[in-house]
Participant: 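Have a look at this one.
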2 protein chains.
Amino acid sequence: MSPANRSLERGIEILRAFRPGSDLLGNGELAERAGLSKATVSRLTQTLVGMGMLQQEPLRKGYRLAPAVLSLAHAMRSGSAVLQVAAPLMRALAESKHINVGLAAADRDEMVYLESIRYSRRVAFRNVVSGQRVPMELTSLGRAYLATIPPTRRKALYAIFKARRGRQWSSLLAEIEQSLRCVRESGCCAASWQPEVVALATPLQSADFSYSLNVSVSTGEKIEAVVEALTTPLLELRGAILKSLSLRAGE
Amino acid sequence: MSPANRSLERGIEILRAFRPGSDLLGNGELAERAGLSKATVSRLTQTLVGMGMLQQEPLRKGYRLAPAVLSLAHAMRSGSAVLQVAAPLMRALAESKHINVGLAAADRDEMVYLESIRYSRRVAFRNVVSGQRVPMELTSLGRAYLATIPPTRRKALYAIFKARRGRQWSSLLAEIEQSLRCVRESGCCAASWQPEVVALATPLQSADFSYSLNVSVSTGEKIEAVVEALTTPLLELRGAILKSLSLRAGE
DNA sequence: CGCAGAAGTTCCATTGTATGGAAATCGAAT
DNA sequence: ATTCGATTTCCATACAATGGAACTTCTGCG
C-alpha cells in the first residue's frame with residue numbers, strides 16, 4: 001500500500017471535524033483539533049471553499065459545510081443497492097408494527113444511519129433521518145456489527161473504546177461480549193442505551209457490504225418482552241432484504 | 001488569495017465525480033474525468049478509502065461513496081439555521097395547499113436542494129429529497145438565484161451555460177433574461193422545465209446566505225393560472241421564513 | 001476615537017512529498 | 001495456460017506543501 005496523500009488526508013479531516021453541535025468552526029479551532037499550523041489550515045479551508053465544500057460566514061467568524069455535501073450524500077444513497085432495496089421493506093415493517101426501523105454502517109468507531117424510519121403517531125413526525133452517528137460500543141447496531149468483523153479489527157476498535165470509556169470499560173466489555181454471543185446464538189442482540197428505548201439489531205452483510213439492521217420501540221416494557229416480540233420480525237426483514245438483493249443481482 | 005492546495009482539489013474533484021447514475025467508478029474512469037494520471041488517481045482513491053470517504057467494491061470493480069458522506073450531510077443540515085427554520089413552515093404550506101415546496105442553494109453551475117417536500121396523496125410517498133441537483137439555467141430555482149448575484153458572476157455562469165447548450169443558447173438566454181425581469185418586478189419567476197410540472201421560485205437571501213425557494217405543482221393547467229394562484233403563498237412563505245430567522249438571530 | 005488583543009492571512013526559504021512515466025502485478029476471460 | 005485490461009508500485013525529478021514569522025484585519029474595551 002502506497003503512502004497516503006497527506007494534504008488530502010488533512011483536508012478530509014477538516015471536513016470531518018464538522019458535526020452536529022460543531023457546525024461553525026474557525027481556522028484556529030480547526031488547527032487545534034487537527035494538530036496543524038494555522039497557516040496550513042488557512043490554505044486548506046480556502047481550497048475547500050473554492051471547491052464548494054465549505055462556505056465562510058461573512059464576518060470571518062468561521063466556516064460551515066456547504067450544500068455540495070448534500071449532493072454527495074444524495075449520490076451515495078441513490079447508488080446504494082442495499083438501501084434502495086431495503087428502504088421500502090423497512091418502511092412497511094415500521095408501519096405494520098408501529099416501530100422504528102434503522103439501517104446503519106460502520107464509519108471508523110461509530111455507526112452511521114443510512115436510513116432510520118421513525119414511527120410516530122403523528123404522520124408529520126415520521127421523519128427519516130440519515131447520517132446520524134451513534135456510538136458503536138453502546139448500541140445494538142454497533143454490537144451486531146462487531147459480531148461480524150475479524151477479531152483483529154475488533155481488537156483495534158476495543159482499544160479505542162477503552163481509551164474513551166476509561167474505568168467503565170471492563171464492565172462494558174463484558175456487556176459487549178455478551179451481545180456478541182447473543183448475535184451468534186440467536187442472530188440478534190438487544191440494547192437500551194437511551195432511557196425508555198429498547199433496540200434490537202442484527203447484522204446484514206454479504207461479500208459486498210457489512211451493515212446492521214435494527215428495530216426499536218419507546219416503551220416502559222422490559223427488554224425481554226421486546227426481544228420476544230421483535231426478534232422474528234427483525235430476522236424476517238433481514239431475510240426479505242437479502243432475498244430481494246440476490247434476486248436483483250441475478251438479473 | 002493563496003494558491004489552492006492541488007492534492008486536496010484533486011481529491012475533492014474525485015469525490016464530486018460520483019453522482020446518481022455514476023455511483024461506481026474505477027480509477028481509469030476517474031483519471032479520464034479529472035484529467036489525471038492513473039497513478040495519481042490510484043493514490044488519491046486509496047487515501048479517500050483510508051479516510052472513509054470511499055469504499056471499494058470487493059472485486060476491484062471500482063469505488064463508491066462511503067457512509068461517512070451521509071454524516072457530513074447530516075452535520076450540514078443540522079447546522080443550517082435557515083433549513084431548521086424553514087422546514088416546518090415549508091411543510092405546513094405543502095400540506096395546506098397540496099403542493100411541493102423546495103429550498104435550494106447554488107453549487108457551481110447547478111442548484112442543490114436543501115429540502116424538497118413533495119406533496120402526494122399517498123402519505124407514504126411524501127418523501128423528502130435533499131441533495132438532488134437540478135440545472136440552474138432551466139429551473140425557476142436557478143433563475144431566481146441568478147437574479148440576485150452580481151453581474152460579473154452571472155456572466156461567468158452564462159459562459160458555462162452557453163458552452164453546454166450550444167445553438168439553443170440564444171433563445172434560452174432570452175428566456176432567462178425574461179425570468180430575471182420577472183423576479184425584479186414581481187418577486188418571483190415561473191418555469192416548466194419538466195412536462196406537466198410548473199414551478200414558481202423566489203430568492204431567499206440575506207447577508208449570510210443566498211438561497212432559492214420554490215413551489216411546484218403537477219398539473220395540466222396553464223402556467224399563468226399557477227402563477228396567479230401561488231405567487232402570494234410563495235412570497236408569504238418567504239416573508240415568514242425571513243421573519244423567523246431575524247427573530248432567532250436577535251436572541 | 002484609538003488602542004490592544006485575537007484571529008486570520010501572506011510571505012518565504014526549506015523540505016518533503018506528490019507526480020507521471022514505465023514496469024510490475026493482479027484479475028478475468030478465452 | 002495465455003493474454004488482455006486495469007490497477008498498483010517503483011523511482012528520479014521537480015514542484016508545491018509546510019510552518020514560523022511578519023503582516024493585516026477585525027473586535028472589544030478603555
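Quick note on labels: first sequence line is chain A, next is B, and so on, each numbered from 1. Everything numeric in this text was worked out from a predicted model, so none of it was measured.
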Participant: Hey, is B:Arg164 close enough to B:Glu137 for a salt bridge, meaning N to O under 4.0 Å?
Facilitator: yes
Participant: Flag the pair B:Val82 / B:Asp208 as yes when at least one side-chain heavy-atom distance between them is below 4.5 Å, and no otherwise.
Facilitator: no
Participant: Starting at the 5' end of DNA chain C and moving along, which residue's nearest nucleotide shows up first, A:Ser42 or B:Lys61?
Facilitator: A:Ser42
Participant: Is there a side-chain contact between A:Leu65 and A:Met53 (heavy atoms, below 4.5 Å)?
Facilitator: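 Heavy-atom side-chain distance check fails, nothing below 4.5 Å.
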Participant: Do you see a donor-acceptor pair shorter than 3.5 Å between the side chains of B:Arg77 and B:Ser130?
Facilitator: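 Yes - a donor-acceptor pair under 3.5 Å links their side chains.
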Participant: Report yes or no: do A:Thr202 and A:Asn214 form a side-chain donor-acceptor pair below 3.5 Å?
Facilitator: no
Participant: Closer than 4.0 angstrom, basic N to acidic O: yes or no for B:Arg16 and B:Glu110?
Facilitator: no
Participant: Could you point out which residue of B:Thr40, B:Leu44, B:Ile14 forms a side-chain contact (heavy atoms from CB on, under 4.5 Å) with B:Leu30?
Facilitator: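 That would be B:Ile14; it is the only one of B:Thr40, B:Leu44, B:Ile14 passing the side-chain contact (heavy atoms from CB on, under 4.5 Å) with B:Leu30.
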Participant: Could you state the CG-C1' distance from B:Leu44 to D:dT9, rounded to the nearest angstrom?
Facilitator: 15 Å
Participant: Which one, C:dA22, C:dT9, D:dG20, comes nearest to the side chain of A:Ala39?
Facilitator: D:dG20
Participant: Using a cut-off of strictly less than 4.0 Å, decide whether A:Gln56 has a side-chain nitrogen or oxygen near OP1 or OP2 of C:dG8.
Facilitator: no
Participant: Would you mind checking if A:Glu29 and A:Arg33 are paired as a salt bridge, meaning a charged N to carboxylate O distance below 4.0 Å?
Facilitator: yes
Participant: To the nearest 0.5 Å, what is the distance between CD (B:Gln55) and OG (A:Ser210)?
Facilitator: 10.5 Å
Participant: When you measure from every atom of DNA chain D, which of residues 23-38 of chain B have a heavy atom less than 4.0 Å away?
Facilitator: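 Close to the strand are B:Gly26, B:Asn27, B:Gly28, B:Lys38.
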Participant: Quick one: A:Leu8 CG to D:dA16 C1', roughly how many Å, whole number?
Facilitator: 15 Å
Participant: To the nearest Å, give me how far apart CD1 (A:Ile14) and C1' (D:dA17) are.
Facilitator: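 After rounding, the gap between these two atoms is 13 Å.
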Participant: Whole angstroms only, please: what is the CD-P distance between A:Glu13 and D:dA17?
Facilitator: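 To the nearest whole Å, that distance equals 19 Å.
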Participant: Starting at CD of B:Gln46 and ending at P of D:dT7, how long is that distance when rounded to a whole Å?
Facilitator: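 Those two atoms, CD and P, are 12 Å apart.
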Participant: Pairs under 3.5 angstrom, nitrogen or oxygen only, protein versus nucleotides 16-18 of chain C, please.
Facilitator:
unit_1, atom_1, unit_2, atom_2, d
C:dT17, OP1, A:Arg6, NE, 3.3
C:dT17, OP1, A:Arg6, NH2, 3.3
C:dA18, OP1, A:Arg6, N, 3.3
C:dA18, OP2, A:Ala4, O, 3.2
C:dA18, O3', B:Ser7, OG, 3.3

